[in-house]
Structure formats: structure tokens, C-alpha cells
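Predicted model only: the values in this text are computed from it and were never measured. One-based numbering along the sequence shown.
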Amino acid sequence: MANANGAWQPQEEGFREICGLLEQQISPTSDKSKIWQQLQHYSQFPDFNNYLAFIFAHAEGKSVDVRQASGLLLKNNLRTAFNTMPPANQQYIKTELLPCLGAADRHIRSTAGTIVSVLVQIAGVDGWPELLHALVKCLDSNDPNHMEGSMDALSKICEDIPQVLDSDISGLSERPINVFLPRFLQLFQSPNASLRKLSLNSVNQYIMLMPTVLYVSMDKYLQGLFALANDPAPEVRKLVCAAFVQLVDVRPDFLEPHLRNVIEYMLQVNKDPDDEVALEACEFWSAYCDTQLPPENLKDFLPRLLLVLLSNMVYADDDESLVDAEEDGSLPDREQDLKPRFHASRFHGSEDGEDDDDDTVNVWNLRKCSAAALDILSNVFGDEILPTLMPIIQANLGNTDDEAWKEREAAVLAIGAIAEGCINGLYPHLSEIVVFLIPLLDDKFPLIRSISCWTLSRFSKYIVHCIGNQEGREKFGKVLTGLLRRILDDNKRVQEAACSAFATLEEEAAEELAPLLDIILQHLMCAFGKYQRRNLRIVYDAIGTLADAVGGELNQPKYLEILMPPLIAKWQQLSNSDKDILPLLECFTSIAQALGTGFSQFGQPVFQRCINIIQTQQLAKIDPVSAGAQYDKEFIVCSLDLLSGLAEGLGSGIESLVSQSNLRDLLLQCCTDDTADVRQSAFALLGDLARVCPVHLHSRLSEFLDIAAKQLSTSKLKENVSVANNACWAIGELAIKVQKDMASVAMMVISCLVPILQHAESLNKSLIENSAITLGRLAWVCPELVSPHMEHFMQHWCIALSMIRDDVEKEDAFRGLCAMVRTNPSGALSSLVYMCQAIASWHEIRSEDLHNEVCQVLQGYKQMLNSGAWEQCMSALEPPVKEKLSKYLV
């Protein structure tokens with residue numbers, strides 16, 4: 001309601017009711033859902049948020065908790081409601097907020113700062129000129145409460161939306177940051193630790209943006225950092241470290257004159273008694289190694305730095321892993337122990353995204369950061385670090401007292417950390433190292449058992465490489481059986497480390513595992529029966545990796561009898577909306593591909609279930625109640641990928657399953673999904689189906705081709721490069737199956753592919769390769785359509801073809817090249833040198849008819865070009881290229 005002079009005033013009854021609700025809301029014994037419903041009811045009233053602002057600002061008789069609850073509810077409401085509020089209400093809330101920045105109570109000041117930051121995120125500062133004046137006035141007031149309230153709000157604005165203060169505001173003569181930054185730097189010297197922290201945090205947010213005012217004040221900023229370097233407040237020291245880490249990352253040139261001092265300082269604080277400060281300092285070494293600064297600058301400090309890193313790799317007494325390590329493997333996992341899982345969508349091409357190592361417990365701490373820094377330093381300095389490092393590692397390994405187990409464990413971690421960077425220096429001793437590590441797999445301390453699994457896996461390449469001799473084969477056998485024993489450990493942490501290490505060894509050993517399949521499967525399936533939910537996911541991964549590694553060797557009744565019954569029992573036990581089915585779908589994808597037609601006995605139920613899951617999820621997207629499930633794209637992606645695995649494994653045997661289903665229409669829907677991951681997997685499946693049963697795509701072929709082509713011409717090509725890559729590959733697979741039916745879309749697709757080839761240097765390698773192959777396949781099936789335009793793309797296309805490794809897809813592309821040249825020989829004349837380089841990129845053309853076609857093309861040009869033009873073309877080629885062309889009798 002408004003009073004006589006037009007300003008809004010609360011009514012006593014409304015004030016009382018809302019305060020009562022807020023009091024109930026913060027009471028630990030209240031019925032939260034009932035209160036939530038009542039608050040929702042009140043939020044229908046247009047001035048509800050005015051009441052919240054009034055309670056927050058003026059309810060002096062109420063507890064701070066009630067006022068703070070009112071402020072936080074107001075903040076949440078503003079996110080959705082502010083822009084649609086009447087302007088008078090917007091103004092009322094803003095006016096009430098500003099005095100709260102100087103409130104006597106710190107919680108009220110901080111909540112006011114949060115609400116102000118949210119309002120600036122929603123509406124900027126243009127429409128709120130009073131805010132900037134109030135913030136400056138508070139900063140200059142010398143009143144500690146006003147200064148801290150203003151600085152708190154500014155720090156939040158700088159964190160969430162720093163660019164707002166570094167932009168031109170109508171009505172102001174300069175950018176706000178030009179007014180605030182000198183004041184921030186001044187506050188570095190404040191006796192109040194909170195003001196030092198907030199001002200430093202605010203300036204740090206601008207290192208990336210580097211506004212002019214910071215650029216010209218850089219000396220003053222650096223002096224301020226050095227002055228705060230030994231600040232008594234740990235939060236301030238942490239921010240000093242964060243500033244140096246960011247500066248070395250973004251603007252190393254600023255630090256160069258002070259580098260020795262900065263490195264010396266970082267070494268000191270890397271041993272700070274406060275773990276968070278030491279952790280922030282430890283980030284500096286990895287950041288430094290990633291810059292263009294010369295590594296030599298670190299050399300003098302290496303002996304001390306390595307000592308610090310090694311001592312920081314020892315488990316801290318309060319590390320939560322120590323508590324976890326005691327947990328019994330037979331205890332069920334708690335819901336919070338289950339990390340969210342992410343499935344990587346299927347990708348067709350040479351450059352699959354790199355797998356990030358899945359950290360056992362995803363808590364970044366000083367121990368892990370120190371090990372990562374040691375890993376990076378070993379890659380930069382290589383064997384130079386060994387003379388300093390190895391004596392300490394050996395001494396710690398030699399101390400077998402029970403009290404020294406943490407130092408022993410850290411020494412094993414250190415060997416694993418340098419396994420890659422120092423491999424040359426370690427190589428002569430690798431045999432001893434592996435022999436030393438094998439007994440540690442049976443150590444009485446579970447964390448030594450688990451780290452020994454990881455460190456051994458870091459030497460997988462070497463362990464597998466030595467299988468050729470008797471001693472090496474025995475060592476491989478011992479490592480393998482040692483890891484299998486640890487897979488059946490009673491400790492969850494050891495189980496997890498052993499399974500992950502075993503998966504790494506499997507990838508390296510591949511077909512060498514075939515003679516040992518019996519014992520491997522028995523251990524893995526025993527673990528399958530023993531593990532709790534979280535570690536079961538890793539067993540699925542190990543089984544899937546095994547199937548990928550040994551392929552068709554797995555397709556024997558004796559192995560399938562061990563492997564399949566437990567998996568099928570689990571498959572039948574899980575519902576279509578249970579997230580635990582996702583890693584099982586991934587596992588079946590690998591098994592289906594490995595078994596090939598041997599999977600056909602399981603094909604029908606697996607195929608049907610994938611269809612059901614996709615249908616359920618597409619319904620859940622619109623109506624979760626009818627679907628009986630919450631929408632989650634992972635279910636669709638994993639099901640599409642398993643169908644791809646079936647298409648690859650069963651080949652044309654999948655045809656009868658597809659013909660009796662509505663897969664074609666479901667797939668078309670998935671190809672137009674608004675989620676990139678779903679589209680990526682959908683186009684992978686489209687290409688796989690094109691290979692084995694194109695007849696079932698025929699009735700909607702033009703729609704599939706149209707949608708696929710659209711993925712290539714989008715302005716968001718770089719963000720969705722994996723979708724474009726798979727769509728491009730699928731078009732090529734369809735082209736060679738439906739041939740002349742491509743005529744209606746061929747030129748539209750070519751017009752999308754040519755710009756990709758013209759901008760090859762800025763795009764993903766796999767997309768370029770697939771674009772070149774698909775263009776060649778279209779030229780092969782529709783040469784009369786494509787060849788008249790060849791001079792527009794010939795040069796870029798030939799450059800891309802030169803980069804592709806020998807395989808069947810490259811053969812198809814060159815068939816297209818030959819078909820076009822036959823149809824329009826003059827179209828390639830201006831790019832003849834590039835065409836010769838592309839032909840010379842073949843190691844060997846295995847197909848006899850293609851080899852002959854290439855010979856004819858080159859012979860044809862040699863005859864066509866007279867009066868020295870052919871010789872001129874040849875003289876432009878490098879000698880190795882000319883030598884390779886001689887294979888084609890030129």
C-alpha cells in the first residue's frame with residue numbers, strides 16, 4: 001500500500017505474518033515444504049518483495065537471522081521477478097538496500113552486498129546512478145562499517161561481472177573502474193584485514209581483463225602485492241599467491257623483472273602453515289612451466305623446490321583419504337559417495353577428445369597439486385631432476401618403520417609422477433623399480449597398496465614391451481596377477497586403484513591378454529559380485545576395456561559362460577531410469593563390438609531395451625509424470641551408442657531388428673535434438689546404419705541429409721565441432737550406399753564442405769579429414785554434378801587429402817578425384833602441383849583398380865600438357881614427391 005505522500009508503506013498485519021513465516025523457516029524443526037508453499041502463496045502479491053526489503057532493512061526488533069532470511073529470499077525472487085516489477089517497486093527496493101551497506105551487523109552488510117551484486121547482474125549500473133555514488137561515498141567515509149559494506153558489494157560485483165565496471169556508462173565522464181581501482185590499491189595498506197582481503201580480491205579479478213587503469217598502475221599493484229606478501233591474515237596471503245599465479249599465466253612480462261623475488265617468495269609460502277595458502281602457492285609451478293618464460297630461471301631453485309614438493313606429497317594427518325582408506329569394502333556406498341558420471345558421446349575420426357584421468361576422490365589438495373607440479377617439472381627438466389630426487393625417494397622407501405608409512409607412500413607416488421618425464425634416466429633401472437613395486441601391492445597399509453597399483457600402471461608401456469623375453473614375460477605375469485589380487489581387495493580405495501590400473505595395462509597389452517582371458521574374467525566377475533555401487537562402475541570399465549583389447553578372442557563359449565550371466569542378471573535387475581544402467585550400456589557397447597556376430601544371441605533384448613529407453617526419455621522431456629522418469633540426456637546418448645555398437649558388431653544381422661522397430665523415426669528426432677551430445681551420437685548411429693542397412697533409411701533419406709548438412713553450415717561450428725564431424729562422416733557413408741539418390745543434395749553439401757576446407761588451420765583435424773573424404777565420396781557418386789565446380793576447391797581439398805593416413809576411406813576419396821578429373825580434366829589444371837602432392841601422400845595404394853586409375857590420370861595430364869608445361873609442374877615438386885610419383889610410371 002502507499003501512504004498519503006505516495007511512498008509505499010507496509011501494513012502491520014502483512015509485516016507480522018511474513019515475519020512469522022520467516023521465523024518458522026529458519027527453525028530446525030519446522031515443516032519446510034509447507035512453509036515453502038505459504039511463501040509461494042505470498043509471492044503472488046505484487047508488493048511481497050517490498051515487504052521482504054522492509055523487513056531486511058528496518059525490522060530492528062527482529063533477530064538478525066530473520067532479517068537475513070528475508071534478504072536471501074528477496075535476492076532469489078529478484079532473479080526471476082525484478083524485470084517485470086512495477087518501476088516504483090524496483091525503486092523502493094533499491095532505495096532501502098543502500099543504507100544497509102553500512103549496517104552495524106556484519107551479516108546484514110554482507111547480505112546487502114550480495115543483493116546489490118545480483119541487481120547489478122540483472123540490470124547493470126546504468127539505471128542505478130545512486131549506487132556508484134553511494135559506494136564511493138562509503139569507501140571515502142573512514143567509517144569501518146560503511147567501508148567494509150561498500151567493499152563487500154564491490155568485491156562481489158568484481159567477481160561476478162567485472163566487465164560492468166570497465167565499460168562506458170552514460171552520464172559518467174569515465175569508466176567506474178578508473179574511480180575504484182586507485183581506492184582499492186590504497187586499501188591494501190588498511191589496518192583492517194577484511195578491507196585488505198576484499199580490495200585485493202577485487203583487483204585480482206581484473207588481471208584477465210587488464211583495463212587501462214590497471215595497466216598503468218601495474219608497478220603500484222606489484223609493490224602492493226610484495227607489501228602484503230607476509231600479511232598476518234592467511235586469506236590475504238592466499239590472494240597474493242593467486243595474483244602471482246594469474247600474472248605468470250596471463251601477463252608474465254610484468255613479472256619478469258621481479259621473477260627471482262617472486263620464485264623465492266612462492267617457495268617460502270609453498271611451506272605456509274596454512275594449507276590453503278600453500279596449495280595456492282603450489283599452483284605457481286605448473287602455471288610457470290606452461291608460460292613462454294625460460295625454464296632456466298627455475299634451475300637454481302630446483303633442489304629446494306623438489307624437497308618442498310616431496311614433503312607436501314606426504315598425506316596430511318587430517319586428509320579425508322586416511323578416513324576413507326579404513327572403510328570396509330562390504331559396506332554399501334552412501335548416496336554422496338557416488339560421483340556424477342559423464343559419458344563421452346561416440347566420435348568418428350582420428351582425434352578423439354583426450355580422456356581426463358578420473359581422479360579417485362575429486363578433492364584437489366596440496367598433495368595432489370604437488371604431485372602434478374612434480375609431473376610437469378619432470379616433463380620440462382627431464383633427467384636433470386633425478387640426482388636431487390632419487391636419494392630422497394630411496395631413503396624414504398628404505399625406511400620400513402610403520403610410523404614412516406606415509407613417507408614411503410609419497411615416495412611411490414613420486415616415482416609414478418616422474419614416470420613419463422624422466423623415463424630416459426629411469427630406463428636402466430626400470431626392471432629393479434618394477435621388481436621393487438610388485439611386493440608393495442601386498443603391503444599391510446591400504447594406501448600403499450593403492451598407490452603401488454597406480455605407479456605400476458604408469459610403467460605399463462615398458463612392462464608390456466618386455467614381454468618378448470622370458471624374464472619380461474614373468475614380470476608381466478606377476479604385475480597382472482598382482483593387480484588381479486588387488487581387484488579383489490577388501491578395501492574400496494584399493495579396489496578402485498587396482499581396477500583403473502588394470503584398465504591401463506589392458507589398453508597397452510591388447511592381444512597379449514588373450515592366453516590369460518580365463519583368469520582375468522574370473523577375477524573381474526568375482527569383483528562384479530563383490531563390489532558396491534561406486535566401484536562397480538570401474539569394473540564395467542575394465543570389462544569394456546578388456547573387450548576392446550582382445551576383440552574377437554572373447555567370442556568363445558567358455559569365456560561367454562563366465563562373462564555374460566552376471567551381466568545379464570544385473571541388466572534384468574535395473575530399471576530403465578536407474579542411472580546404474582548407464583555404465584552397463586557402455587560395457588555392452590564394447591562387448592557387442594568385440595563379439596561381432598557372436599553377440600546376436602543377446603541382440604534382440606538389448607536392441608529393444610535401447611529403443612524403449614530412448615522413447616521413455618523423449619516422453620520424459622515433455623511429460624515426466626506420464627514417462628515415470630526424469631529426463632536425462634545421458635540415457636539417450638548411451639542407448640544410441642550401444643545401438644551403434646550393435647550395428648558394428650552384428651553388421652547386416654541388425655537389419656531384421658531395425659525393420660521391425662521405429663528406430664528410423666526415433667533417430668530422426670534425435671538428429672534434431674537441442675543437445676549437442678545427443679545429436680553427436682545420433683549422427684554416429686546414422687553413419688553406422690548407412691553402412692549395414694541403408695534400405696531402412698531410404699523413405700526419410702532427404703530429411704536425414706538435410707539435417708546433417710545443416711550441422712556443417714552453422715555459425716556455431718567450432719562449439720559443436722564433434723556434431724559436425726559425425727554428421728559429415730554420416731553423409732559420406734550414405735553417399736556410397738545410396739549413390740545417385742544423393743544428386744538432390746550433393747551441391748548443397750559441397751557448398752558447406754568447401755568453407756571448412758578453406759579454413760582448415762582453425763578447425764579440428766578430424767573434421768577436415770572427414771570433410772575431404774565426404775567431398776570425395778560425393779564426387780565419386782555424382783561426378784557430373786560436382787566436377788564443373790572443382791577449380792573452386794581443388795587446392796584446399798588436395799592439401800587436406802595429403803594429411804589423411806592410408807585406409808579405405810582415403811581410397812573412396814581418391815576414386816572421387818579420378819572420376820572428377822575424367823569428367824572435367826581442365827578443372828584441376830591450376831592445382832596440378834597440389835594434386836601430385838596428394839597422390840604422393842600414399843604410402844601404398846592397396847586397391848589395384850584405384851592404382852591403375854591414378855596412373856591413367858597422371859599419364860593423361862602428361863600427354864595433355866605439352867611445350868614444357870608438364871616438366872615445369874614436376875620441377876615445382878620436392879625430390880621425395882617426384883620419387884613417389886615414379887610408382888605410377890610418370
Side-chain angles (χ1 to χ4, degrees), residues 31-41 43-44 76 79-81 335 338 340-346 533 537 540 568-589 602-647 654 656-686 689 696-697 699-700 703-704 707 710 720 723:
D31 178 350
K32 295 285 185 281
S33 63
K34 188 177 162 197
I35 295 162
W36 176 248
Q37 282 170 345
Q38 289 172 289
L39 286 169
Q40 289 302 98
H41 164 72
S43 66
Q44 310 303 312
N76 292 338
R79 286 191 191 278
T80 50
E335 206 49 51
L338 299 167
R341 59 177 303 291
F342 301 102
H343 169 83
S345 300
R346 204 170 173 88
R533 282 172 65 199
R537 298 171 180 185
Y540 287 131
I568 290 166
K570 180 64 78 175
W571 170 265
Q572 288 165 343
Q573 183 190 333
L574 295 168
S575 79
N576 283 356
S577 55
D578 187 329
K579 275 182 178 285
D580 287 344
I581 202 169
L582 297 174
L584 181 53
L585 294 173
E586 286 177 8
C587 181
F588 270 162
T589 304
F602 316 107
Q604 199 281 328
V606 170
F607 180 91
Q608 194 50 53
R609 188 157 192 184
C610 290
I611 298 285
N612 295 347
I613 291 173
I614 295 170
Q615 282 174 322
T616 302
Q617 285 297 322
Q618 287 184 338
L619 177 58
K621 205 171 186 177
I622 316 155
D623 183 358
V625 179
S626 305
Q630 286 298 315
Y631 173 72
D632 181 344
K633 65 170 186 182
E634 295 274 317
F635 285 92
I636 298 186
V637 171
C638 287
S639 299
L640 289 169
D641 288 351
L642 177 45
L643 288 169
S644 276
L646 283 177
I654 199 174
S656 59
L657 298 173
V658 176
S659 66
Q660 293 164 29
S661 74
N662 60 340
L663 175 58
R664 180 190 53 222
D665 302 336
L666 283 178
L667 182 57
L668 194 57
Q669 234 180 310
C670 292
C671 287
T672 57
D673 197 277
D674 45 13
T675 318
D677 290 351
V678 172
R679 294 201 307 280
Q680 180 181 333
S681 289
F683 286 114
L685 177 55
L686 178 63
L689 291 177
H696 295 297
L697 302 169
S699 60
R700 306 199 71 170
E703 291 167 88
F704 276 119
I707 296 162
K710 282 198 173 80
N720 296 324
V723 179

**Q.** Nearest heavy atoms of A629 and A620, plus distance in Å
**A.** O-CB, 3.4 Å
**Q.** Set of residues satisfying side chain to side chain contact (heavy atoms under 4.5 Å, CB included) with respect to Q630, sequence neighbours excluded
**A.** P624
Q | Spacing of CG belonging to L663 relative to SG belonging to C610, to within rounding of 0.5 Å | A | 9.5 Å
Q: For residues T589 and L642, report the shortest heavy-atom separation together with the two atoms involved.
A: OG1-CA, 3.3 Å
Q.
To the nearest 0.5 Å, what is the distance between CG on L582 and CG on L574?
A. 9.5 Å
Q.
Let me confirm one number: the CZ-OG1 distance from F704 to T672, rounded to the nearest 0.5 Å.
A. 9.5 Å
Q.
Going by side-chain hydrogen bond (donor to acceptor under 3.5 Å, both in side chains), name the residues that satisfy it together with S644, two or more places apart in sequence or in a different chain.
A. D688
**Q.** Counterpart residues, ring-ring contact (aromatic ring centres under 6.0 Å, His included), relative to F607 (two or more places apart)
**A.** none
Q: Output all residues satisfying side-chain hydrogen bond (donor to acceptor under 3.5 Å, both in side chains) with Q608, sequence neighbours left out; order by chain, then residue number.
A: N612
Q) Taking only residues two or more places apart in sequence or in another chain, which ones pass salt bridge (charged side-chain N to carboxylate O under 4.0 Å, His left out) with K633? A) D677
Q. Does R609 reach the main-chain N or O of W571 with its side chain, forming a donor-acceptor pair under 3.5 Å?
A. yes
Q: Taking the side chain as every heavy atom from C-beta outward, state whether L39 and I35 have any pair of such atoms under 4.5 Å apart.
A: yes
Q: Starting at CG of L668, measure out to CG of N662 and round the result to the nearest 0.5 Å.
A: 12.0 Å
Q: Determine whether I568 and Q572 make a side-chain contact, defined as any pair of heavy atoms from C-beta on separated by less than 4.5 Å.
A: yes
Q. By side chain to side chain contact (heavy atoms under 4.5 Å, CB included), which residues pair with Q40, not counting sequence neighbours?
A. W36, S43
**Q.** Any residue meeting side chain to side chain contact (heavy atoms under 4.5 Å, CB included) with S33, in chain and number order, not counting sequence neighbours
**A.** D31
Q: Sequence neighbours left out, what passes ring-ring contact (aromatic ring centres under 6.0 Å, His included) with H696? Give chain and number order.
A: none
Q. How far does OG of S659 sit from CD1 of I654, to the nearest 0.5 angstrom?
A. 10.5 Å
Q | Rounded distance [0.5 Å steps], CD in Q680 versus OG1 in T675 | A | 12.0 Å
Q. Which pairs pass salt bridge (charged side-chain N to carboxylate O under 4.0 Å, His left out) with one or both residues in residues 660-671, sequence neighbours excluded?
A. D665-R700
Q | I636 and Q669, any side-chain heavy atoms less than 4.5 Å apart | A | no
Q. Can you check whether L667 reaches L689 side chain to side chain, under 4.5 Å on heavy atoms?
A. yes
(Q) Among residues at least two apart in sequence or on other chains, which ones pass side chain to side chain contact (heavy atoms under 4.5 Å, CB included) with L619? (A) D623, S626, A627
Q: Could you check if a side-chain atom of F635 sits within less than 4.5 angstrom of a side-chain atom of I581, using non-hydrogen atoms only?
A: yes
(Q) Under a 3.5 Å distance rule, please check whether Q617 uses its side chain to pair with a backbone N or O of D632 as donor and acceptor. (A) yes
**Q.** Results of side-chain hydrogen bond (donor to acceptor under 3.5 Å, both in side chains) for D578 - residues two or more places apart only
**A.** none
Q) Considering only heavy atoms from C-beta outward, does the side chain of Q618 approach that of C670 to under 4.5 Å? A) yes
(Q) Apply side-chain contact (heavy atoms from CB on, under 4.5 Å) to residues L585 and D641 and explain how you reach the verdict. (A) CA-CA 8 Å; L585 294 173; D641 288 351; over 6 Å; no
Q) Which heavy-atom pair separates R537 from P583 by the least distance, and what is that distance? A) CG-CG, 4.0 Å
Q.
Within the 4.5 Å heavy-atom criterion, are L646 and F588 side-chain neighbours or not?
A. no
Q | Backbone of V678 reached by a side-chain donor or acceptor of S681 within 3.5 Å | A | no
Q | Minimum side-chain heavy-atom gap E634-V637 below 4.5 Å | A | no
Q: Check ring-ring contact (aromatic ring centres under 6.0 Å, His included) between F602 and all other residues, then give those that pass, not counting sequence neighbours.
A: F599
